[in-house]
Student: 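Structure provided below as C-alpha coordinates; questions to follow.
This structure is a prediction, so every number in the text was calculated from the model and none was measured.
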Amino acid sequence: MRKMPEAILRLEDVVRDFKRQTETIHAVRGVSLEIRRGTFNILCGRSGSGKTTLLNMLAAIDLPTSGKIFFEDQEITHMKSAERDALRRKKIGIIFQNTALIAQMTALENVEFALSVAGIKPGKRRRQAVDWLEQMGIRERKNHMPAEMSGGEQARVAIGRALAHEPVLLLADEPTSELDTKTSFRVIDMFRNLVDTNGLTIVMTTHDVNIMGAADLIYTMEDGVIIDVK
(Lines give C-alpha, C1' and ligand atoms only; values in the text may rest on other atoms or scores of the structure.)
Protein backbone atom coordinates (compact mmCIF):
# COMPACT_ATOMS: atom_id res chain seq x y z
CA MET A 1 0.00 0.00 0.00
CA ARG A 2 1.31 3.45 -0.96
CA LYS A 3 2.23 5.50 2.10
CA MET A 4 0.41 8.82 2.40
CA PRO A 5 2.80 11.81 2.41
CA GLU A 6 3.05 13.66 5.69
CA ALA A 7 1.35 16.97 6.30
CA ILE A 8 3.50 20.00 5.52
CA LEU A 9 0.78 22.33 6.87
CA ARG A 10 -1.74 21.66 9.60
CA LEU A 11 -4.46 24.00 10.81
CA GLU A 12 -6.41 23.49 14.04
CA ASP A 13 -9.63 25.47 14.46
CA VAL A 14 -8.19 28.63 12.88
CA VAL A 15 -10.19 31.83 13.28
CA ARG A 16 -9.43 35.29 11.87
CA ASP A 17 -11.54 38.28 12.86
CA PHE A 18 -11.13 41.88 11.79
CA LYS A 19 -12.48 44.97 13.52
CA ARG A 20 -14.15 47.55 11.30
CA GLN A 21 -15.24 50.47 13.45
CA THR A 22 -17.88 48.87 15.72
CA GLU A 23 -18.33 45.79 13.52
CA THR A 24 -16.42 42.48 13.72
CA ILE A 25 -15.74 40.77 10.39
CA HIS A 26 -15.43 36.98 10.71
CA ALA A 27 -13.12 36.35 7.74
CA VAL A 28 -12.12 32.79 8.65
CA ARG A 29 -14.24 30.76 11.07
CA GLY A 30 -12.83 27.62 12.64
CA VAL A 31 -10.92 26.05 9.74
CA SER A 32 -9.13 22.77 10.40
CA LEU A 33 -7.26 20.97 7.62
CA GLU A 34 -4.03 19.25 6.59
CA ILE A 35 -2.06 19.99 3.43
CA ARG A 36 0.02 17.01 2.41
CA ARG A 37 3.59 17.43 1.20
CA GLY A 38 4.02 17.17 -2.56
CA THR A 39 0.40 17.94 -3.46
CA PHE A 40 -1.32 20.57 -5.60
CA ASN A 41 -4.20 22.23 -3.72
CA ILE A 42 -6.68 24.83 -4.93
CA LEU A 43 -8.82 27.15 -2.80
CA CYS A 44 -11.90 28.40 -4.61
CA GLY A 45 -14.92 30.42 -3.63
CA ARG A 46 -16.56 33.77 -4.19
CA SER A 47 -14.80 37.05 -3.48
CA GLY A 48 -14.94 37.65 0.27
CA SER A 49 -15.17 33.96 1.16
CA GLY A 50 -11.90 34.07 3.13
CA LYS A 51 -9.46 32.55 0.62
CA THR A 52 -6.85 35.30 0.64
CA THR A 53 -7.06 35.72 4.42
CA LEU A 54 -6.44 31.99 4.84
CA LEU A 55 -3.54 32.09 2.36
CA ASN A 56 -1.92 35.00 4.22
CA MET A 57 -2.06 33.01 7.45
CA LEU A 58 -0.50 29.97 5.77
CA ALA A 59 2.31 32.30 4.67
CA ALA A 60 2.74 33.54 8.28
CA ILE A 61 2.14 37.08 7.00
CA ASP A 62 -1.03 37.36 9.07
CA LEU A 63 -1.72 35.59 12.37
CA PRO A 64 -4.99 33.96 13.43
CA THR A 65 -7.19 35.47 16.11
CA SER A 66 -7.31 31.98 17.61
CA GLY A 67 -6.35 28.45 16.66
CA LYS A 68 -3.00 26.96 15.63
CA ILE A 69 -1.04 26.64 12.38
CA PHE A 70 1.85 24.20 12.01
CA PHE A 71 4.46 24.20 9.22
CA GLU A 72 6.51 21.00 9.08
CA ASP A 73 5.23 20.19 12.60
CA GLN A 74 6.50 23.51 13.97
CA GLU A 75 3.86 25.89 15.28
CA ILE A 76 4.17 29.20 13.49
CA THR A 77 1.36 31.05 15.27
CA HIS A 78 3.59 32.01 18.19
CA MET A 79 6.82 32.56 16.26
CA LYS A 80 8.56 35.89 16.54
CA SER A 81 8.30 38.14 13.50
CA ALA A 82 11.97 37.57 12.58
CA GLU A 83 11.46 33.79 12.70
CA ARG A 84 8.46 34.01 10.38
CA ASP A 85 10.44 36.23 8.01
CA ALA A 86 13.27 33.67 7.92
CA LEU A 87 10.78 30.88 7.21
CA ARG A 88 9.37 32.74 4.21
CA ARG A 89 12.83 33.62 2.87
CA LYS A 90 14.06 30.03 2.95
CA LYS A 91 11.12 27.72 2.46
CA ILE A 92 8.05 29.53 1.14
CA GLY A 93 7.40 31.13 -2.22
CA ILE A 94 4.55 33.67 -2.41
CA ILE A 95 2.76 35.02 -5.47
CA PHE A 96 0.62 38.03 -4.60
CA GLN A 97 -2.42 38.93 -6.68
CA ASN A 98 -1.01 42.40 -7.41
CA THR A 99 2.46 40.93 -8.30
CA ALA A 100 4.19 43.30 -5.78
CA LEU A 101 7.20 43.81 -8.06
CA ILE A 102 9.67 46.51 -7.02
CA ALA A 103 9.03 49.36 -9.45
CA GLN A 104 12.63 50.65 -9.45
CA MET A 105 14.10 47.26 -10.42
CA THR A 106 14.19 45.44 -13.73
CA ALA A 107 12.59 42.02 -14.12
CA LEU A 108 15.98 40.40 -13.63
CA GLU A 109 16.80 42.52 -10.59
CA ASN A 110 13.43 41.67 -9.01
CA VAL A 111 14.21 37.96 -9.21
CA GLU A 112 17.83 38.46 -8.12
CA PHE A 113 16.70 40.48 -5.12
CA ALA A 114 14.46 37.62 -3.95
CA LEU A 115 17.42 35.23 -4.31
CA SER A 116 19.61 37.60 -2.33
CA VAL A 117 17.04 37.74 0.49
CA ALA A 118 16.95 33.92 0.46
CA GLY A 119 20.72 33.84 1.01
CA ILE A 120 21.74 32.61 -2.46
CA LYS A 121 25.39 33.43 -3.18
CA PRO A 122 26.06 36.26 -5.68
CA GLY A 123 27.73 34.00 -8.24
CA LYS A 124 24.64 31.83 -8.49
CA ARG A 125 21.97 34.52 -8.37
CA ARG A 126 22.24 35.86 -11.91
CA ARG A 127 22.27 32.37 -13.44
CA GLN A 128 19.21 31.22 -11.45
CA ALA A 129 17.32 34.44 -12.15
CA VAL A 130 17.89 34.22 -15.89
CA ASP A 131 16.97 30.52 -15.90
CA TRP A 132 13.62 31.21 -14.23
CA LEU A 133 12.81 34.14 -16.49
CA GLU A 134 13.52 31.83 -19.42
CA GLN A 135 11.24 29.15 -17.97
CA MET A 136 8.51 31.78 -17.74
CA GLY A 137 9.07 32.72 -21.40
CA ILE A 138 10.11 36.25 -20.54
CA ARG A 139 13.90 36.27 -20.75
CA GLU A 140 13.87 38.91 -23.49
CA ARG A 141 12.20 41.32 -21.05
CA LYS A 142 14.79 40.84 -18.31
CA ASN A 143 16.08 44.42 -18.50
CA HIS A 144 12.65 46.05 -18.53
CA MET A 145 11.07 47.83 -15.57
CA PRO A 146 7.62 46.66 -14.38
CA ALA A 147 5.99 49.80 -15.83
CA GLU A 148 7.37 48.80 -19.25
CA MET A 149 5.70 45.38 -19.13
CA SER A 150 2.13 44.21 -19.56
CA GLY A 151 0.15 42.80 -16.64
CA GLY A 152 0.72 39.29 -17.95
CA GLU A 153 4.47 39.84 -18.22
CA GLN A 154 4.62 41.24 -14.69
CA ALA A 155 2.70 38.18 -13.46
CA ARG A 156 5.24 35.85 -15.07
CA VAL A 157 8.12 37.74 -13.44
CA ALA A 158 6.34 37.43 -10.07
CA ILE A 159 5.89 33.67 -10.56
CA GLY A 160 9.56 33.24 -11.50
CA ARG A 161 10.59 35.32 -8.48
CA ALA A 162 8.51 33.17 -6.13
CA LEU A 163 10.02 29.92 -7.44
CA ALA A 164 13.64 30.92 -8.08
CA HIS A 165 14.90 30.10 -4.56
CA GLU A 166 13.37 26.61 -4.82
CA PRO A 167 10.90 26.74 -1.91
CA VAL A 168 9.22 23.63 -0.51
CA LEU A 169 5.85 25.42 -0.37
CA LEU A 170 4.32 27.77 -2.95
CA LEU A 171 1.36 29.96 -1.95
CA ALA A 172 -0.27 31.73 -4.87
CA ASP A 173 -3.19 34.17 -4.90
CA GLU A 174 -4.86 34.11 -8.33
CA PRO A 175 -1.49 33.63 -10.12
CA THR A 176 -3.02 33.24 -13.59
CA SER A 177 -5.61 36.03 -13.42
CA GLU A 178 -3.53 38.37 -15.66
CA LEU A 179 -2.41 35.64 -18.08
CA ASP A 180 -3.93 34.64 -21.41
CA THR A 181 -5.39 31.14 -21.67
CA LYS A 182 -2.36 29.58 -23.38
CA THR A 183 0.09 30.99 -20.83
CA SER A 184 -2.21 30.03 -17.93
CA PHE A 185 -2.17 26.39 -19.03
CA ARG A 186 1.60 26.53 -19.49
CA VAL A 187 2.08 27.86 -15.95
CA ILE A 188 -0.29 25.29 -14.44
CA ASP A 189 1.48 22.49 -16.33
CA MET A 190 4.77 23.76 -14.86
CA PHE A 191 3.23 23.81 -11.37
CA ARG A 192 1.99 20.24 -11.83
CA ASN A 193 5.43 19.12 -12.99
CA LEU A 194 7.15 20.79 -10.01
CA VAL A 195 4.78 18.96 -7.67
CA ASP A 196 5.26 15.58 -9.37
CA THR A 197 9.00 15.84 -10.04
CA ASN A 198 10.40 18.05 -7.26
CA GLY A 199 7.89 17.36 -4.48
CA LEU A 200 6.81 21.01 -4.29
CA THR A 201 3.61 21.67 -2.33
CA ILE A 202 1.25 24.25 -3.81
CA VAL A 203 -1.76 26.02 -2.35
CA MET A 204 -3.34 28.52 -4.73
CA THR A 205 -6.57 30.44 -5.09
CA THR A 206 -8.35 30.70 -8.41
CA HIS A 207 -11.71 31.34 -10.02
CA ASP A 208 -10.67 29.65 -13.28
CA VAL A 209 -12.58 26.38 -13.59
CA ASN A 210 -10.50 25.41 -16.64
CA ILE A 211 -7.35 24.80 -14.57
CA MET A 212 -8.88 23.08 -11.54
CA GLY A 213 -8.41 19.65 -13.09
CA ALA A 214 -4.66 19.91 -12.42
CA ALA A 215 -5.18 19.92 -8.65
CA ASP A 216 -5.03 16.95 -6.30
CA LEU A 217 -7.60 18.55 -3.99
CA ILE A 218 -10.01 21.44 -4.39
CA TYR A 219 -11.24 23.22 -1.25
CA THR A 220 -14.35 25.37 -1.62
CA MET A 221 -14.73 28.23 0.86
CA GLU A 222 -17.87 30.13 1.74
CA ASP A 223 -18.34 32.70 4.51
CA GLY A 224 -14.99 31.85 6.11
CA VAL A 225 -15.43 28.07 6.27
CA ILE A 226 -14.50 25.17 4.00
CA ILE A 227 -17.77 23.70 2.79
CA ASP A 228 -16.48 21.11 0.33
CA VAL A 229 -13.34 19.12 -0.49
CA LYS A 230 -12.97 17.05 -3.65
Student: Give a yes or no on this: more than 12 heavy atoms of other residues, nucleotides or ligands lie within 6.0 Å of atom CZ of Phe113.
Tutor: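 Count not over threshold, so no.
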Student: Just how far is it from atom OG1 of Thr106 to atom CG of Leu133, taken to the nearest 0.5 Å?
Tutor: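 If I round to the nearest 0.5 Å, the distance is 8.5 Å.
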Student: Within a strict 4.5 Å, meaning less than it, do heavy atoms of the Met190 and Met136 side chains meet?
Tutor: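 The answer is yes; the side chains approach within 4.5 Å.
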Student: Mind checking whether Val195 and Leu171 sit in one hydrophobic cluster, side chains of I, L, V, M, F, W, Y counted as touching below 4.5 Å?
Tutor: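 Per the 4.5 Å side-chain linkage, Val195 and Leu171 are not co-clustered.
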Student: For the pair Glu153 (side chain) and Ser150 (backbone), establish whether a donor and an acceptor sit closer than 3.5 Å, ignoring hydrogens and angles.
Tutor: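 Side chain of Glu153 to backbone of Ser150: a pair is present.
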Student: When you check the side-chain N and O atoms of Ser32 and Asp13, is any donor under 3.5 Å from an acceptor?
Tutor: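 No - no donor-acceptor pair under 3.5 Å links their side chains.
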Student: Do Lys90 side-chain atoms and Ala118 backbone N/O form a donor-acceptor pair below 3.5 Å?
Tutor: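 Checked: pair present.
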Student: Answer yes or no: is there a side-chain heavy-atom contact under 4.5 Å between Leu169 and Phe71?
Tutor: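 They are in contact (side-chain heavy atoms under 4.5 Å apart), so the answer is yes.
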Student: Ignoring hydrogens and angles, tell me if any N or O in the side chain of Arg16 forms a donor-acceptor pair with the backbone of Leu63 under 3.5 Å.
Tutor: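 Indeed, once roles are kept as given, a pair shorter than 3.5 Å links the two residues.
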Student: So Leu87 and Gln74, side chain to side chain contact (heavy atoms under 4.5 Å, CB included) or not? Walk me through it.
Tutor: CA-CA 11 Å; Leu87 181 66; Gln74 184 178 13; 5.6 Å; no
Student: Find the distance between CZ (Phe40) and CD1 (Ile218) and round it off to the nearest 0.5 Å.
Tutor: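 If I round to the nearest 0.5 Å, the distance is 9.5 Å.
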Student: Working to the nearest 0.5 angstrom, can you tell me the gap between Ile120 CD1 and His165 NE2?
Tutor: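 Between Ile120 CD1 and His165 NE2, I get 8.0 Å after rounding to 0.5 Å.
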Student: Can you spot which of Leu200, Ile94, Ile92 makes a side chain to side chain contact (heavy atoms under 4.5 Å, CB included) with Leu170?
Tutor: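 Between Leu170 and the candidates, side chain to side chain contact (heavy atoms under 4.5 Å, CB included) is satisfied uniquely by Leu200.
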Student: In this structure, which one of Arg125, Lys142, Arg126, Gln128 forms a side-chain hydrogen bond (donor to acceptor under 3.5 Å, both in side chains) with Glu112?
Tutor: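 Among Arg125, Lys142, Arg126, Gln128, the one meeting side-chain hydrogen bond (donor to acceptor under 3.5 Å, both in side chains) with Glu112 is Arg126.
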Student: Evaluate salt bridge (Lys or Arg N to Asp or Glu O under 4.0 Å) for Asp216 paired with Arg192, printing each intermediate quantity in order.
Tutor: CA-CA 10 Å; Asp216 295 304; Arg192 184 71 255 180; 3.2 Å; yes
Student: State whether the side chain of Arg29 and the backbone N or O of Gly224 hold a donor-acceptor pair below 3.5 Å, judged by distance alone.
Tutor: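 Not confirmed, Arg29 side chain does not pair with Gly224 backbone.
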Student: If you measure from OG on Ser47 to CD on Glu174, what distance do you get to the nearest 0.5 Å?
Tutor: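 Rounded to the nearest 0.5 Å, the OG-CD separation comes to 9.0 Å.
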Student: Any side-chain heavy atom of Thr220 within less than 4.5 Å of one from Glu222?
Tutor: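 In short, these two side chains do not touch, never coming nearer than 4.5 Å.
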Student: Do His144 and Arg141 get their side chains close enough for a donor-acceptor pair, meaning under 3.5 Å?
Tutor: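 Yes, because at least one side-chain N or O of His144 sits under 3.5 Å from a partner of the opposite role on Arg141.
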Student: Calculate, to the nearest 0.5 Å, the distance between atoms CG and CG belonging to Leu179 and Asp208 respectively.
Tutor: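 Here the interatomic distance stands at 10.0 Å.
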Student: State whether the side chain of Thr201 and the backbone N or O of Gly38 hold a donor-acceptor pair below 3.5 Å, judged by distance alone.
Tutor: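 Between the backbone of Gly38 and the side chain of Thr201 there is a qualifying donor-acceptor contact (under 3.5 Å).
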Student: Between Met57 and Thr53, is a side chain to side chain contact (heavy atoms under 4.5 Å, CB included) present by the stated rule, with each step listed?
Tutor: CA-CA 6 Å; Met57 289 191 289; Thr53 300; 4.3 Å; yes
Student: Can you tell me how far NE2 of His78 sits from CD1 of Ile69, rounded to the nearest 0.5 angstrom?
Tutor: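 Separation between the atoms: 10.5 Å.
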Student: Can you find a heavy atom in the side chain of Arg36 that is under 4.5 Å from one in the side chain of Leu217?
Tutor: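 No, their side chains stay 4.5 Å or more apart.
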Student: May I ask you to decide if Gly119's main-chain N or O and Arg89's side chain share a donor-acceptor pair within less than 3.5 Å?
Tutor: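 Not at all, since once roles are kept as given, no pair shorter than 3.5 Å links the two residues.
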Student: Could you check if a side-chain atom of Val157 sits within less than 4.5 angstrom of a side-chain atom of Pro146, using non-hydrogen atoms only?
Tutor: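 Of all side-chain heavy-atom pairs linking Pro146 with Val157, none is under 4.5 Å.
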Student: If we count only N and O atoms by modelled type, under 3.5 Å, do the side chains of Asn41 and Thr39 hold a donor and an acceptor together?
Tutor: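 Short answer, yes.
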Student: Any side-chain donor-acceptor pair under 3.5 Å between Thr24 and Asp17?
Tutor: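 No donor-acceptor contact under 3.5 Å links the two side chains.
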Student: Is there side-chain contact between Leu115 and Trp132, with at least one heavy-atom pair below 4.5 Å?
Tutor: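 No; the side chains remain at least 4.5 Å from each other.
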Student: Do the side chains of Ile102 and Glu109 get nearer than 4.5 Å, heavy atoms only?
Tutor: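 No - every pair of side-chain heavy atoms lies 4.5 Å or more apart.
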Student: Thr181 versus Asn210: any side-chain heavy-atom pair under 4.5 Å?
Tutor: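 Heavy-atom side-chain distance check fails, nothing below 4.5 Å.
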